[in-house]
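This report concerns only the one structure given below.
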Amino acid sequence: MKIICIGRNYVDHAKELKNPVPKQPVFFMKPDSALVLKNRPFFYPEFSSDVHHELELVIRIQRLGRSIPEKFASRYYNEVALGVDFTARDLQAEMKKKGLPWEIAKGFDYSAPVSDFVPLPDPTGKGALDFYLDLNGKTVQKGTSNDMIFSFDQIVAYVSRFMTLKTGDLIFTGTPAGVGPVQINDHLECYLQGRKMMDFYVK
Ligand code: MG
């Protein structure tokens with residue numbers, strides 16, 4: 001199983017990090033060892049002092065495919081979850097400055113908490129999905145899939161040009177604005193369509 005993550009997929013988030021709005025999807029990967037399920041805690045890594053939350057819609061691939069045409073892409077996923085793409089922003093900034101890959105900032109242990117999956121309300125993948133993150137009871141990130149620069153279908157088509165997608169692969173589809181640091185003992189609650197999907201602590 002692999003975890004593919006799309007970067008800069010919301011204009012307001014690209015701007016908050018002073019990144020250009022991409023003309024093609026930008027993606028990177030996390031290893032399966034990053035995955036955290038069932039509301040287990042996120043353990044703050046000792047090598048960073050600036051870990052940020054990025055709340056994202058996550059789709060799960062349900063059949064094998066490569067070079068998938070965009071018009072058929074919605075057949076390759078039918079469930080959605082919420083995930084947090086935890087990012088060691090200090091390490092990422094160093095790597096970006098040197099033009100080096102981001103793995104140490106993005107792929108570390110516990111960096112990918114994911115909720116249970118639910119069926120997509122609109123199987124074409126085009127219906128709006130609204131989601132938000134409460135940090136210690138206060139809403140800090142709020143997004144809707146309507147604001148994605150690249151749709152689920154465009155992402156699946158693009159990624160599958162380069163690598164085969166397999167059943168069970170996860171795709172984090174990018175974060176809206178409002179990313180920020182977390183601290184030990186913080187409480188994160190993630191909501192999709194008004195329903196609580198994930199609830200966990202930073203330890
Ligand atoms: Mg992200």
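Atoms within a ligand are numbered from 1 in the order they appear, just like the ligands themselves.
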Checking distances from the Mg ion (ligand 1), one finds that the N, O or S atom of Glu54 closest to it is OE1

Restricting Asp85 to its N/O/S atoms, the closest one to the Mg ion (ligand 1) is OD2

query: With distance as the sole criterion, is a donor-acceptor pair present between the side chains of Ser74 and Asp153 under 3.5 Å?
result: no

Can you see whether Asp186 engages Asn136 through a side-chain donor-acceptor pair at a distance of less than 3.5 angstrom? yes

Item to complete: Cation-pi check, Lys203 to Phe43: give yes when NZ or CZ is under 6.0 Å from the six-membered ring centre and within 45° of the ring axis, no otherwise.
Response: no

Looking at Glu56, the N/O/S atom that lies nearest to the Mg ion (ligand 1) is called OE2

Sorted by chain and number, sequence neighbours left out, side chain to side chain donor-acceptor pair (under 3.5 Å) with Arg8 holds for Asn19

